[in-house]
Amino acid sequence: MKNDSLKNPAVAVIGAGMTGILMAIKLREAGITDITILEKADKVGGTWRENTYPGVACDVPAHMYTYSFRGNPEWEHRFARGNEIQKYMEKVAAEHGVSDQVRFNEALAECHYREGKWYLSTSKGNDLVVDFVVAATGILHHPAYPDIEGLDGYQGAMFHTSRWDHDVSLEGKRVGIIGTGSTATQVISEISKTAGELTVFQRTPQWVCSVPDKNYSESDKAKLRGNQGLMTKLSERYAFIFRNIFTAAVTGNKVAHAFVNWTARRNLRKSVRDPALRAKLTPDYKVGCKRLIFSSTFYDAIQRENVRLETTAIERVSERGVVTKDGVEHALDVLILATGFKPFNFMRPMNLTGRDGLSIEQAWAKKVQAYRNVCLPGFPNFFLMLGPNTPIGNYSVIAMSEVQSRYVLKLIDQWRQGNLATVEATEEAKVRFNSYIKAGMGKTVWVGGCQSWYLDADGDPAMWPYSWEQWVKELDQPDLADFHHSAPAETAPLTPWKKVA
Ligand code: NAP
């Protein structure tokens, strides 16, 4: 809502993915006009722009994976495909005038705080001074390459799923894929239809729940067009189910966990009849300890005649293929790395320094933590969207980032009203918040003895261990007692954007 008596801060939003688009829209709605969005790539969309692998889809129902203020009657499937979501992101960004504000192909290189302002330099050599920085840089975007001997010497085509090489045809080829996570199961379901032979290298089996997909017909879509209320209802219905079954199951609700456990085990029993294959696909850890996989196609795919599940550990990669510990060389034309991401990098690598020259590397040297997921002690007027401990098991990150955006705007609003010039979470508040997070972990399934990307180097899950309702409540109103905030002083005029080179 525009209010002319409020001050108008200069805000830099880093990244034009789902959260960057959202943040830009919400800042504009609040009447903030001086917004710069820096995007390293040539398009909006973030993860949905980067992940173009065959089978890419969102395993959270599409009507729940939408901005609450902009339902999408055009979803083609219950589980939207990657290109549908990319199209939706581009559409929303264009409709709200966000695309016009994005500086494409311009990454943030330097970001330093000095006396109430942030000084930014970009990959194009442009400088910028702003009052606030919002890092909307996402969680899972730095590919994790496996540390396997000989990988670099492999002579066939090889790529990570998030860097898919569409020039490489898989038709009739001998293809190997390392990994059986959410990404791999989507890829395997799709490429098993065309590959000549597909060898799936599985280190650890995963629990898979089957939630049937659905194609939305023209009449389904027609009912929703122009009816935001109906789309909101649909979204809320899915959200209610996901919260009360899947989120509850992983965060300590025994009844919900028993149900999901039964569902996953039944799915495996009914879908895979061969006891030997079923044994190989049966995890030895609790359902939900690793991120639950939703797929109604993976078990069919793994049983296709041209697909082989290899469970002998990988010893090394040769020039021709993968060599397993039993000495067998699996000759391959193409090797796909579905080996996940480095989830603790967040906005790094970036030369980011806060108050008194504190670098982000120093701040996170011992542990990657934040206060209420978004604020970092030592980094005034800086907010990290989807920061540490944001993810809520199998829930929509759009919903989470909407809650965070409201929280951030409330803090910025304090600045706009002239109540403060800088706002920075205290170290004490961060420690208290993280003790509270840790206290909740004991009842979750993530600490159930499995390895997963959820866990940091100390074995602590970087997840939200409580309910969705608790999350919403906690991020409702910022408690200013948890922040250092300096009184407003005469603000110097901002240095305008200038092209240096
Ligand atoms: P992931 O869940 O981290 O899975 C990585 C896979 O690679 C695991 O099977 C892992 O085995 C295997 N692996 C890693 N290094 C290996 C090595 N050196 N040797 C053998 N195997 C190795 O990664 P992801 O599948 O890309 O998924 C990451 C996250 O992205 C998901 O949990 C989800 O949050 C998100 N995602 C979401 C969707 C969606 O539809 N919403 C789709 C895709 C991804 P181990 O299990 O033994 O470690």
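As the structure lists them, so they are numbered: ligands from 1, and atoms in each ligand from 1. FYI, the numbering just counts along the sequence from 1.
When the salt bridge (charged side-chain N to carboxylate O under 4.0 Å, His left out) test is applied to Asp460, the partners found at least two apart in sequence or on another chain are Lys367, Lys438.
Between Tyr466 and Tyr436, the ring planes lie parallel to each other; the angle is under 30°, not in the 30° to 60° tilted range.
Near ligand 1, residues Tyr53, Ala57, Cys58, Asp59, Leu140, Pro146, Ile148, Ile178, Gly179, Thr180, Gly181, Ser182, Thr183, Gln186, Arg203, Thr204, Gln206, Lys290, Arg291, Ala338, Thr339, Gly340, Phe341, Trp453 come within 4.0 angstrom through at least one heavy atom.
A centroid separation of 6.0 Å or more is found between the aromatic rings of Phe346 and His142. Separation of the His63 and Tyr216 ring centroids falls under the 6.0 Å cut-off.
Salt-bridge formation is detected for the pair Arg174/Asp333: a Lys NZ or Arg NE/NH1/NH2 atom is positioned less than 4.0 Å from an Asp or Glu carboxylate oxygen. In this structure, Lys26 pairs ionically with Glu29, as a charged nitrogen and a carboxylate oxygen lie closer than 4.0 Å.
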